[in-house]
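Take a look at the structure set out below.
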Amino acid sequence: MKPETGNLNKEASKTDQSKTKNRKSKRVYPAKLEGSVSVPGDKSISQRVAMLASLADGTSKVTGYLMGEDAKSTLSAMEQMGAKAEFKDDALYITGVAGKLQQPAEPLNMGNSGTGTRLLAGIVAGAGVEASMIGDDSLSSRPMGRIRHPLEQMGASIGLTGKKGTLPMMIMGGNLKGIGYLLPMASAQVKSCVLLAGLFAEGKTTVVEPRPTRDHTEKLFQALDIPIEINGLEISVQGTGKDGVHFQARDFTVPGDFSSAAFWIVAVAARPGAELVIENVGLNPRRTALLDVMKRMGADIEVTVTEAKGDPIGNIRVRGAQLQGTVIEGDEIPNLIDEIPIICVAGALAEGQTEVRDAAELRVKESDRIAEMVKNLKLFGVQVEEKEDGMVVTGPNRLVTPDAVIDSHGDHRIAMSAAILNSFATGPITIDQVDCVDTSYPEFWQHLEQLGGKTN
Ligand code: S3P
C-alpha cells in the first residue's frame, strides 16, 4: 500500500509562509576578530542524543544540548511521539518511551534539519509508527531518495510528494528485515538512518561506507550498550525484531560543536598577529580535518585535550599567519564537509591555489554551497573557478566589500561564512535571511561582537 500524502504539501507551505514573515537581515562590519569563546553544543550529537534518549527506558540528563532550531525540531518531533523533555537548571531531562513510540497526531515539522529528518525516518520506519515529515523551503529541496531506497529494501513504504524525491514524506514501516547496504555516497546521515532502522529490524543490518564519515551514531550505540560491530568501513547492528528495542537511559554531555568553532578558527588563522582560544570543543577525529588543513596552510594551532574518555574534548589555540594554498580531496572531504564554505574563505586569503575536489555533496546541503560560495567570493573580488565537485580559489586577494546584499538562501553556514569573509574586507555588508544561523549557532552574532566584531 502506498502512503497517502494528500494534505502534506499544504501543511508544508503554511510553515514556509510563517518563516518568510520573520526574514531578518544583518549589517556586519570589518573587524579584527580575536579573544576567547566557548561554542554551543554539537548539532549532530545533540540530535542523536534526543532521538536515542527518547527511545530509552528511563530518564537521561543531557548537559550541553544545543538550543538551536534543528536540535529543537528533532526534540519536539520525539515529544510528538511520546517522549517527555524538560529543561531544569541548565540541563535537559528526556524521559524515553522504552522502545514504544506513539503515532504522532500531526506531521513532524523538521524545520531546516536534514540530520533530524533522515535519522528520524529510520527510527519511524523501524518502530512501525505512521508519520509524515515536512520542513522549510531549504529542507524541502533536499534529496530524500537516498533514504527511501534502503528503507524500502528493508520493507518500509516511503512516499515522497515533493517534485524531485523530496519532502513532504510519509512513512509506513514496521516488521522490517535486516539488509546489507553499500552506501552510494559518503553520508553519515544515510548510514545512521539505516543503522537506526536496523536496530528494530529482524536480523542483522550491515552498511558499508565508501569513505569514513562521522561516527556519532556508532559511538552512542556503544555508550548505550547497543550491540554494534565495526570493521573498518563495514558497520553492523543486530536488530531486535519482534522482541522490541530495549536499552537503559544514561546521562550525556554534549561537547561544543567543532563546526561552529570552525568559523573562528579560520577568522583568526588567516589574520597574521591575531590570537584565539576556543574552549570545550568536541574533537572527534572524524570531524576535525579542518585542523589538518589549517596546519598545512601554515596556521599555528595547538590543541589541548581536557577530556580523553570517549570522544576527546579540548581547547584549541590559534595564532594567525599568512596562509598558503592547499588541495583538499578524497577521504578528507567527509571529515570537513560542513567546514568547506569557511575553508574557501581561508583560500581567498592564502597565497597560491586552494583546490577543493570530490565535494559534489555540497550541492545538496542546505543550499548549493559550491554555487553560493563561488558567487559570494566573486562579489568580494576573489579569483575563483567553479568545478562540478568543488572549486579552485587563487589568492591572496584584497577583499573589497561589494555594493550588494548577500543572500544566505536560508543556509546558516553560507550566512556565517559571509560574515567572516566581510571581517577581512573594506566596509559594512548586509547579509539577508540570517534567521537560519539559529539552526546551529544562535549565539553567533553575540560571539562575533565578543571577539571584536560589530553588527547591527
Ligand atoms: C551530519 C552529516 C553530514 C553533515 C550534516 C550533519 C550528521 O551530512 O553535512 O551537517 O549529523 O550526520 P551527510 O552525512 O549527508 O554528508
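Note that ligands are numbered from 1 as they come in the structure, with each ligand's atoms numbered from 1 the same way.
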Which atoms from ligand 1 have a heavy atom of [X] less than 4.0 Å away?
X      : value
Ser44  : 1 (C), 6 (C), 7 (C), 11 (O)
Arg214 : 1 (C), 2 (C), 4 (C), 6 (C), 7 (C), 11 (O), 12 (O)
Ile337 : 9 (O)

(request) List the steps, then state whether salt bridge (Lys or Arg N to Asp or Glu O under 4.0 Å) holds for Glu86 with Lys61. (result) CA-CA 10 Å; Glu86 193 190 356; Lys61 177 182 178 189; over 6 Å; no
At what distance is the nearest protein heavy atom to [atom], and which residue and atom is it?
atom                    : answer
atom 14 (O) of ligand 1 : Ala188 N, 2.7 Å
atom 8 (O) of ligand 1  : Lys365 NZ, 3.0 Å
atom 15 (O) of ligand 1 : Ser187 OG, 3.0 Å
atom 6 (C) of ligand 1  : Thr115 OG1, 3.3 Å
atom 12 (O) of ligand 1 : Arg48 NH2, 2.6 Å
atom 10 (O) of ligand 1 : Asp338 OD2, 2.7 Å

(request) Find out whether Phe258 and Leu290 are in side-chain contact, i.e. whether some heavy atom of one side chain is under 4.5 Å from a heavy atom of the other. (result)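 Yes, side chains in contact.
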(request) Please tell me if the side chains of Val254 and Val62 come closer than 4.5 Å, counting only heavy atoms from C-beta onward. (result)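 Sidechains of Val62 and Val254: in contact.
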(request) Measure Lys191 to ligand 1 on non-hydrogen atoms and call it side chain, backbone, both or neither using the 4.0 Å cut-off. (result)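 Lys191 to ligand 1: no contact under 4.0 Å from either part.
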(message) As an exercise, state the distance from CG of Asp136 to CG of Asn112, rounded to the nearest 0.5 Å.
(response)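 The CG atom of Asp136 sits 4.5 Å away from the CG atom of Asn112.
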(message) To the closest 0.5 Å, what do you measure between CZ (Phe263) and CD1 (Ile420)?
(response)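 Atom-to-atom, Phe263:CZ and Ile420:CD1 are 7.5 Å apart.
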(message) Between Asp257 and Lys43 (salt bridge meaning N to carboxylate O under 4.0 Å), is one present in this structure?
(response) no
(request) Without swapping roles, check the side chain of Asp215 against the backbone of Glu218 for a donor-acceptor pair under 3.5 Å. (result) no
(request) Look at the rings of His447 and Tyr441 and say which category their plane angle falls in: under 30° parallel, 30 to 60° tilted, over 60° perpendicular. (result) perpendicular
(message) Heavy atom to atom 1 (C) of ligand 1, shortest distance: which of Gln47, Gln189, Arg142 holds it?
(response) Gln189
